[in-house]
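Note that the coordinates shown come from a computational prediction; the quantities given were computed from them, not determined experimentally. Letters go in sequence order (proteins before strands), and every chain restarts at 1.
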Amino acid sequence: MTEQARTFYLVDGSSYIYRAYYAVSRLTNSRGFPTGAVLGFAQMLDKVVREKKPDYICVVFDAPGPTFRHEMYAPYKATRQKAPEDMIAQIPYIKDLVRFRGIPQMELPGYEADDLIATLTHWAVEQDIEVVVVSSDKDLHQLIDDPVVRQWDPQKDRVFMEWEVEDRYGVPPGRMVDYLALVGDSSDNVPGVKGIGDKTARQLLQEWGSLDRIYANLARVGSASVRDKLEKHREEALLSRRLVSFREDVPVERKLEAFAPGPPLKSQLIGLFEELEFRSLLDSLRKELNAVEPAAAAPAGRTKHKIAGSMDELRTLAERLAGEPVVSIQVETTRKDAMASDLAGLSFGFEDDGAWYVPLGPDGSEGDGRLPAAVALAALEPVLGRSRPAKIGHDLKTAWIVFKKHGIELRGIAFDTMVAAYLLDPGKQNYGIDRVAAECLGENIDSYEDVTGKGKSQVGFDTIDIGRAAAYSCAAADAARRMHPVLKRKLDESRLTELFEKIELPLITVLARMEFRGITADAEKLESLSIDFQKALDRTADTIYDLAKEKFNIQSPKQLAYILFEKLGLRVVKKTKSGPSTDMAVLEELALEHPIADHVLVFRTLAKLKGTYADALGKLINPRTGRIHTSYNQTVAATGRLSSSDPNLQNIPIRTEEGRKIRSAFIPAPGWLLLSADYSQIELRILAHCSKDEHLLEAFRDDEDIHRRTAAEMFGVSPIEVTPEMRRQAKTINFGIIYGMGPFGLAQRLRISTKTARTAIDKYFQGYRGVRRFIDTTIELARRLGYSETLLGRRRFIPELQSRNKTIRQLGERLAINTPLQGTAADLIKKAMIDAEDALNGSGLRTVMLLQVHDELVFETPREELAAAQELVRRVMEDVWKLDVPLKVELGWGDNWAEAHA
DNA sequence: CATTCTTCGTAC
DNA sequence: GACGTACGAAGAATGC
């Protein structure tokens, strides 16, 4: 049996970018980023890899910039149109795609892809390897040499044969250069011999065999006019031949192993496809990966790791750690939520490579290869509780909290790779270590869910086999350690280091402390509220059933829509994707026509208060302390804000009487008070500062009622003449500006005509000319830079601004305005939190900070400290940053959170 | 039956 | 389609 020859697939990457771009036209993701070329390219590549399973493969690209051909002939390719912007934008993604697929790629400045392909072809043939040139480009026909070099176009599944080339050009592939030297190539601006076309060239080459022979025998060429042309354009002919000839001596890698396809980088590919929203590719990728590695006892990975499974080993490890200048730390917990979980393991990554894993369990777990967490941590306390060694980790807030639960305060936090990755690009979906490592190191490490599973079938980390746990955890610790210098450099390059070191890093501990403290919630109060809400719900439901003359699930938008719009025949005000909308705005409008709408609104409110708040909060009270411990997420909101979850304490009701009952269930410890400190109009003040609008500045400097002042500006009256209605409209516009609201939105909100709304907005900008200018320049700057920036230099990329889709582009414009305002507010309150924590620590006061709600900080203070705490908090918050306008803080206090609002 | 998507509503 | 940032409950739809 003869051995199948090895094959080398050389993919003409650049030409497929073009083809894919034009084939899959005008596709974008939901953010307006063009994705067609990437999709087409991915499909092409898929076909090559799946169907042909090449032994060796390389995707070859043209390098940007001039080539040696431009040096010999400046007008080379000068008539080419510039590649479309939205194609160029996709090229980095295509290169990522190739890399993530595990496929080698190549480009070399000064050369075209064709030269690299020719060089590699030549070399491969010498090695007895069959070559398939993957391209549909006619220029590459000249490489065809049946059967060792073939040319194939996967899109049409067409193999170009030698005889086809002969048919087309009258010469074998190897002589195509002579043909082209004569006729030229208008698409590349190759001159050829003027006046000689296809027919003549074929005849000449048929007769003489090659260009050189033609010129050698020029005198004997039959037609005088042809002879004349050849004579006259000899230089052009020779130049043309050099232009169309491929170089076969390009200095490129010539190691066969370098061209063997590697395994795909799973999480990177998934990340890429998710970003580009390639649903079908995602599906098939997931299937493929599940099929190929059936939860394969995951490869141990490259990280050298050891397990400290005894106290002796642990003590040795602790000693070694104590001598290190810097270590990385990765904690493994039984659950996602740090406050609610226990330590299941801990690993340390060392500077000189390798990592140690310490399997941990509850007290009395010596027997099963784990160490009791309490005992083990006691031994590690000298390492964890001191600032040396410096600690690096991916999500050190979680680490801080789980250590604190064992009485240890983690010190020496030097770098958090999760926070750094967020700061570098805060728009990402998540910052799991696998994703960040993929991007940062180009490596494929397991995600937490790869190890524990997800959804219903997820298991606690403590049930994972120790060897597997160690492999995962050490890989993570090691990755974090190696990512540190990379991320650090990137932060420097983006001038984000100061924001990182002065704000985000110290904030980690501040947040950890707040989460650890929690806030007391009155369980009985919540319970009795739940019962009250339920009673009211029952009554409301009965009324609704009476009006509808049947029972149905009021919480089902579908059933409700049937009742309202079919049975009762009410007007369809607006629609959702799946049917008529029944949201609040619609119901408010329908309330004018039918009494049922009001009752549904009441029902919805009650159901919300009971389900989302009273019941859900009750379940999250720690039975031991009676307190609720939210999680603050530092890496979620694209603007730089924090978010809060499990539970979300940043959306506790306040606007209605009923809702405030929920808020009143948050209480201080006995003998203490809750103190709430709100930044007044912080975003509008930031707008004043950024825009330098004279009227806005003046309004805040004079501490005026900003909405009244705005109304006065708009309606051309004095502030005392402003009516409540005028003020209401001005207030809506003031907020609308921050969000980039247009006439339509304002009209809806104020229930006025779009035309009136447009006039109102015009009047606003007549009053605040500086704001208009700020908006225009801010959008323009963001368009140029590709990102928006806050006062402290936080960045958010806004690719939407480059979209060809107008709606998406307008969204980009709103983001470009909103992000610096919302983000600067976030910067400032984050700094205020750090300053407040510091000031309280140094004050001797017992007051502590419990909550942050975007522009509000909530403290718990002993009654007798109230005055001192107020003074301190106000000073810290108002002095957080020197702006062109004063920052104003409003303080309130009371025996519950509802009362604490002035 | 489990998971994901959709709709709705709360906060700033 | 039209106002930015979040989180989460419940129903509906989809997939295994």
Side-chain angles (χ1 to χ4, degrees), chain A residues 279 283 286-287 290 426-427 454-458 553-561 574-587 600-601 603-617 620 630-633 636-656 658-660 662-663 678-679 681-683 732-733 735-749 754 757-758 788 796 798 800 805-823 825-826 829 851-856:
Chain A
R279 301 286 287 278
D283 285 349
R286 292 213 167 95
K287 274 185 197 130
N290 288 339
K454 58 172 181 170
K456 190 91 178 206
S457 58
Q458 187 169 37
N553 184 350
I554 305 166
Q555 305 215 78
S556 156
K558 202 178 165 188
Q559 292 181 40
L560 179 62
K574 68 176 171 182
K575 289 186 163 184
T576 68
K577 278 181 199 166
S578 52
S581 167
T582 65
D583 71 15
M584 214 160 48
V586 170
L587 291 173
V600 173
L601 282 168
F603 183 93
R604 285 251 178 93
T605 306
L606 292 165
K608 181 82 175 174
L609 291 174
K610 179 174 188 291
T612 305
Y613 298 108
D615 293 348
L617 288 172
L620 287 164
T630 184
S631 298
Y632 285 107
N633 202 320
V636 163
T639 53
R641 272 190 180 181
L642 297 174
S643 80
S644 154
S645 60
D646 306 296
N648 181 359
L649 294 187
Q650 291 180 323
N651 71 347
I652 301 301
I654 189 170
R655 290 170 189 177
T656 67
E658 290 293 284
R660 278 195 293 274
I662 298 286
R663 194 164 274 242
D678 256 84
Y679 274 117
Q681 309 294 357
I682 188 163
E683 289 180 356
T732 306
I733 293 199
F735 284 113
I737 294 299
I738 294 169
Y739 303 144
M741 186 165 34
F744 180 87
L746 184 65
Q748 290 256 299
R749 193 61 184 267
T754 309
R758 179 166 291 122
S788 246
R796 175 189 186 175
I798 308 183
E800 288 86 350
N805 178 322
K806 189 173 172 195
T807 305
I808 292 168
R809 212 164 49 240
Q810 286 174 330
L811 170 66
E813 291 171 359
R814 295 194 294 274
L815 298 180
I817 294 306
N818 178 256
T819 298
L821 301 175
Q822 191 180 118
I829 197 160
L851 302 177
Q852 189 254 39
V853 193
H854 308 309
D855 63 358
E856 172 191 12

Engineer: Assign Ala747(A) to base, sugar-phosphate, or nothing according to its heavy-atom contacts below 4.0 angstrom with the strands shown.
Structural biologist: nothing
Engineer: Generate the contact string for nucleotides 6-12 of chain B. Rules: B means base contact, S means sugar-phosphate contact only, - means no protein heavy atom under 4.0 Å.
Structural biologist: SSSBBSB
Engineer: May I ask you to evaluate whether Arg814(A) reaches the phosphate of dC3(C), defined as a side-chain N or O under 4.0 Å from OP1 or OP2?
Structural biologist: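 It does not, given that no N or O in the side chain of Arg814(A) lies less than 4.0 Å from OP1 or OP2 of dC3(C).
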Engineer: When you compare dC5(B) with dC3(C), how far apart are their C1' atoms, in angstrom units rounded to a whole number?
Structural biologist: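 Nearest-Å result for dC5(B) against dC3(C) at atom C1': 23 Å.
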Engineer: In whole Å, measure the gap between the C1' atoms of dT10(B) and dA2(C) for me.
Structural biologist: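 The answer is 22 Å between these two C1' atoms.
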Engineer: Separation of Lys610(A) atom NZ from dG8(C) atom P, in whole Å?
Structural biologist: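 Nearest whole value for this atom pair: 18 Å.
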Engineer: CZ of Arg749(A): more than 12 outside heavy atoms within 6.0 angstrom?
Structural biologist: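 At most 12 heavy atoms, drawn from other residues, nucleotides or ligands, come within 6.0 Å of this atom.
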Engineer: Classify the nucleic acid contact of Leu815(A) as base, sugar-phosphate or nothing, counting any heavy atom under 4.0 Å across all strands shown.
Structural biologist: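 The residue Leu815(A) makes sugar-phosphate contact but no base contact.
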Engineer: Between Leu746(A) (CG) and dC3(C) (P), how many Å, whole number?
Structural biologist: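 Rounding to the nearest Å, CG of Leu746(A) and P of dC3(C) are 9 Å apart.
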Engineer: Output the rounded distance in Å from CZ (Phe603(A)) to C1' (dA10(C)).
Structural biologist: 11 Å
Engineer: If you look at every strand shown and take non-hydrogen atoms under 4.0 Å, does Arg796(A) touch a base, only sugar-phosphate, or nothing?
Structural biologist: sugar-phosphate
Engineer: CG of Leu746(A) to CZ of Arg758(A): how many Å apart, nearest 0.5 Å?
Structural biologist: 11.0 Å
Engineer: In whole angstrom, give the distance that lies between atom CD1 of Ile737(A) and atom C1' of dT5(C).
Structural biologist: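 In whole Å, dT5(C) C1' and Ile737(A) CD1 are 18 Å from each other.
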Engineer: Would you mind classifying the nucleic acid contact of Asn633(A) as base, sugar-phosphate or nothing, using non-hydrogen atoms under 4.0 angstrom?
Structural biologist: nothing
Engineer: Hey, could you give me the OG/CG distance between Ser581(A) and Leu587(A), rounded to the nearest 0.5 Å?
Structural biologist: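 Result: 8.0 Å between the selected atoms.
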Engineer: Provide, to the nearest angstrom, the distance between the CZ atom belonging to Arg758(A) and the C1' atom belonging to dA2(C).
Structural biologist: 11 Å
Engineer: Please report, rounded to the nearest Å, how far the C1' atom of dG8(C) is from the CG atom of Asp646(A).
Structural biologist: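 Roughly 10 Å, once rounded to whole Å.
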Engineer: To the nearest angstrom, how far is Asn818(A) atom CG from dA2(C) atom P?
Structural biologist: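 So the CG-P distance, Asn818(A) to dA2(C), works out to 15 Å.
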Engineer: List the atom of Pro653(A), the atom of Leu609(A), and the distance in Å for their closest heavy-atom pair.
Structural biologist: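 That closest heavy-atom pairing would be CG-CD2, 3.7 Å.
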Engineer: Under 4.0 Å between any heavy atoms, over every strand shown, what does Gly740(A) touch: base, sugar-phosphate, or nothing? Just pick one.
Structural biologist: sugar-phosphate
Engineer: Can you give me the closest heavy-atom contact between Thr630(A) and Pro647(A), atom names plus distance?
Structural biologist: OG1-O, 2.7 Å
Engineer: Would you tell me whether Ser631(A) and Ser645(A) have side-chain atoms, one donor and one acceptor, within less than 3.5 Å of each other?
Structural biologist: no
Engineer: How is the base pairing of DNA chain B summarised as a dot-bracket string, given the Watson-Crick and G-U wobble criteria with both distances under 3.5 Å, [ ] for crossing and | for another strand?
Structural biologist: ||||||||||||
Engineer: In whole angstroms, how far is the P atom of dA2(C) from the CD1 atom of Ile808(A)?
Structural biologist: 11 Å
Engineer: Can you give me the closest heavy-atom contact between Thr639(A) and Thr819(A), atom names plus distance?
Structural biologist: CG2-OG1, 4.1 Å
Engineer: Tell me whether Arg641(A) is salt-bridged to Glu683(A), with the criterion being a basic N under 4.0 Å from an acidic carboxylate O.
Structural biologist: yes
Engineer: So, Gln650(A) versus Gln852(A): side-chain donor-acceptor pair below 3.5 Å or not?
Structural biologist: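 There is such a pair (donor and acceptor under 3.5 Å, judged by atom type) between the side chains of Gln650(A) and Gln852(A).
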Engineer: Checking all strands, does Thr754(A) fall into the base, sugar-phosphate, or nothing category for heavy-atom contacts under 4.0 angstrom?
Structural biologist: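 If one applies the 4.0 Å heavy-atom cut-off, Thr754(A) turns out to touch nothing in the nucleic acid.
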Engineer: Can you name the nearest heavy-atom pair linking Pro743(A) to Ala757(A), along with the distance?
Structural biologist: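 Between these two residues, the closest heavy atoms are O-CB, 3.3 Å.
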